Amino acid sequence: MTAKTWLITGTSTGFGRSLATFLAKQPDVNVVATARHPEQLSYLDEFDHGQILKQRLDVTDRDEIAAAVKATVDKFGALDVLINNAGLGYFGTFEESDRDQVKYMFDVNVWGLVDMTRAALPTMRQQHEGTIVNFSSIGGLFSFPTLSFYHGTKYAVEGMTESLAKEVADLNIKLMLIEPSGFRTDWAGRSSNKAMPKIDDYKQFADFIEGNEEGAHHEPGDPDKAAQIIYDQVTNHRDSLPLRLPLGKIASDTAINKYEQTLADFKRLHDLSASADQPEK
Ligand SMILES: NC(=O)c1ccc[n+]([C@@H]2O[C@H](COP(=O)([O-])OP(=O)(O)OC[C@H]3O[C@@H](n4cnc5c(N)ncnc54)[C@H](OP(=O)(O)O)[C@@H]3O)[C@@H](O)[C@H]2O)c1
């Protein structure tokens, strides 16, 4: 079997590192492991078998994006699977969140993913084959207080992915959204800026923010298991790849409850909703 070439963003820690490590062990995979600081990828040295490319990549830098895609195709002759994993969090009430910090989070979580995807699509269209895995979150379906802007980034990823999937379906390019609940990575810790509430009216949310920070690295989700599941879906179930894949029991329960509740509301409102149309001629 010809080896498939996977490019992953943000492989220094967390899901990205688990994926790069898992893929490096597969004989049928070429791995392009990217990071802002490639010296953090020395964990891959033990697998140095010629099918691994370490590449500097900050997803907010379009020159580095173009260089990463070019280096991938130059070395392996293809780009089969793009994993848009790099991402940040931000905790703070809607009113008190720092505008520059949340804009930067949009640059990484949304525009970084957009620019990576646009850079990969020409190669995938030419190949008439490709798979793009976009890291959303259960926070791309369901919203908590103090995470409004993080949700904004992930809901944006959900909407764009769903639309793009329809545009490229006939080109044999598939998309999958990953929607994890809490996983043991650096996300809730170093990868999330926090604005503790200063306005008295929002003081009750301080516990939620502190609880998330204290809970970092104690979450139930195992990123190594996530890596295995993603590999299996893309490799063995590509023909029936789900558009949305909640990962973790909490993510699955939350997604089911949210959709059941929303479905019940839409059905209850159906006649009212339909009454807004012009009368049929
Ligand atoms: N862990 C969870 O509970 C959870 C739940 C739902 C969704 N997610 C999503 O999962 C994805 C991966 O996060 P994680 O949980 O694995 O957290 P993580 O351990 O903090 O990893 C985040 C990765 O993103 C990278 N990154 C940040 N800014 C970047 C940039 N400008 N360019 C390139 N890479 C950048 C980081 O690199 P540096 O080392 O250079 O900072 C790091 O490798 C994110 O999209 C996150 O939103 C996580």
Side-chain angles (χ1 to χ4, degrees), residues 7-22 32-44 54-65 67-68 82-91 101-116 119 133-144 147 149-158 161 176-193 211-213 215-227 230 244-252 254-255:
L7 187 159
I8 314 155
T9 64
T11 61
S12 62
T13 57
F15 286 112
R17 178 176 175 148
S18 289
L19 272 159
T21 306
F22 182 85
V32 184
T34 72
R36 290 194 283 191
H37 307 288
E39 62 275 14
Q40 292 176 317
L41 306 181
S42 55
Y43 66 87
L44 287 170
K54 293 185 213 163
Q55 180 74 27
R56 174 186 305 282
L57 176 57
D58 181 326
V59 297
T60 64
D61 183 327
R62 281 190 284 164
D63 291 337
E64 288 190 6
I65 288 177
L82 168 64
I83 311 270
N84 281 312
N85 161 72
L88 303 171
Y90 188 92
F91 289 84
Q101 288 185 347
V102 296
K103 276 187 91 169
Y104 179 68
M105 177 174 59
F106 271 86
D107 283 344
V108 177
N109 293 11
V110 178
W111 287 107
L113 176 146
V114 167
D115 291 333
M116 275 308 305
V133 177
N134 285 341
F135 267 76
S136 172
S137 164
I138 190 55
L141 295 178
F142 180 88
S143 306
F144 299 89
L147 281 159
F149 294 101
Y150 180 68
H151 293 311
T153 67
K154 295 302 188 182
Y155 279 63
V157 166
E158 295 263 337
T161 303
M176 176 165 68
L177 287 155
I178 302 298
E179 294 155 339
S181 39
F183 273 65
R184 221 160 278 191
T185 72
D186 286 358
W187 181 83
R190 74 173 179 96
S191 291
S192 292
N193 280 313
N212 266 284
E213 182 147 37
H217 295 286
H218 301 284
E219 298 90 341
D222 178 347
D224 291 345
K225 289 192 177 162
I230 292 166
R244 294 191 163 79
L245 178 58
L247 281 183
K249 183 174 185 308
I250 293 172
S252 180
T254 304

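No experiment lies behind these values; they were computed from the predicted model shown. Order of appearance sets the numbers: ligands from 1, and atoms from 1 within every ligand.
Not a single donor-acceptor pair under 3.5 Å links the side chain of R17 to the backbone N or O of T11. Y90 places no side-chain N or O within donor-acceptor distance of the main-chain N or O of L147, the cut-off being under 3.5 Å.
At least one N or O atom of K154, backbone or side chain, sits closer than 3.5 Å to an N or O atom of ligand 1.
With respect to atom 21 (O) of ligand 1, the closest heavy atom belonging to the protein is T13 OG1, 3.4 Å. Scanning all protein heavy atoms for the shortest distance to atom 14 (P) of ligand 1 gives T185 OG1, 3.3 Å. Nearest to atom 11 (C) of ligand 1 among the protein's heavy atoms is N85 O, 3.1 Å. Of all protein heavy atoms, the one closest to atom 13 (O) of ligand 1 is F15 CD1, 4.2 Å.
Proximity annotation for atom 35 (C) of ligand 1: of P223, A251, A86, A86 comes nearest, heavy atoms only. For the residues Y150, W111, F183, the heavy atom positioned nearest atom 8 (N) of ligand 1 is part of Y150. When A216, S191, G221 are ranked by how near their heavy atoms come to atom 20 (O) of ligand 1, first place goes to S191. When the heavy atoms of D58, L19, I83 are ranked by distance to atom 31 (N) of ligand 1, first place goes to D58. Here the shortest heavy-atom distance to atom 40 (O) of ligand 1, taken over R190, R36, M105, belongs to R36. Evaluated by nearest non-hydrogen atom to atom 9 (C) of ligand 1, the leading choice among S136, S137, G14, G139 is S136.
Remark: ligand 1 atoms within the under-4.0 Å shell around heavy atoms of G87 are 22 (C), 24 (O), 44 (C), 45 (O). Taking every non-hydrogen atom of Q40 and a distance limit under 4.0 Å, the qualifying atoms of ligand 1 come out as 39 (O). Atoms of ligand 1 lying under 4.0 Å from any heavy atom of F135, numbered from 1 in the order shown and given with element: 10 (O), 11 (C), 45 (O). Residue G182 approaches ligand 1 through these ligand atoms, each under 4.0 Å from one of its heavy atoms: 3 (O).
The residues E158 and R244 are annotated as salt-bridged, a charged nitrogen and a carboxylate oxygen being separated by less than 4.0 angstrom.
Remark: distances from the non-hydrogen atoms of G112 to ligand 1 are all 4.0 Å or more. Ligand 1 lies within reach of S181, whose nearest heavy atom is under 4.0 Å from it. The shortest heavy-atom distance from E179 to ligand 1 is not under 4.0 Å.
Heavy-atom minimum distance, R36 versus D58: CD-OD2, 3.7 Å.
Heavy atoms of N109 found under 4.0 angstrom from ligand 1: none, in either backbone or side chain. With a 4.0 Å cut-off on non-hydrogen atoms, V108 touches ligand 1 through its side chain and not its backbone.
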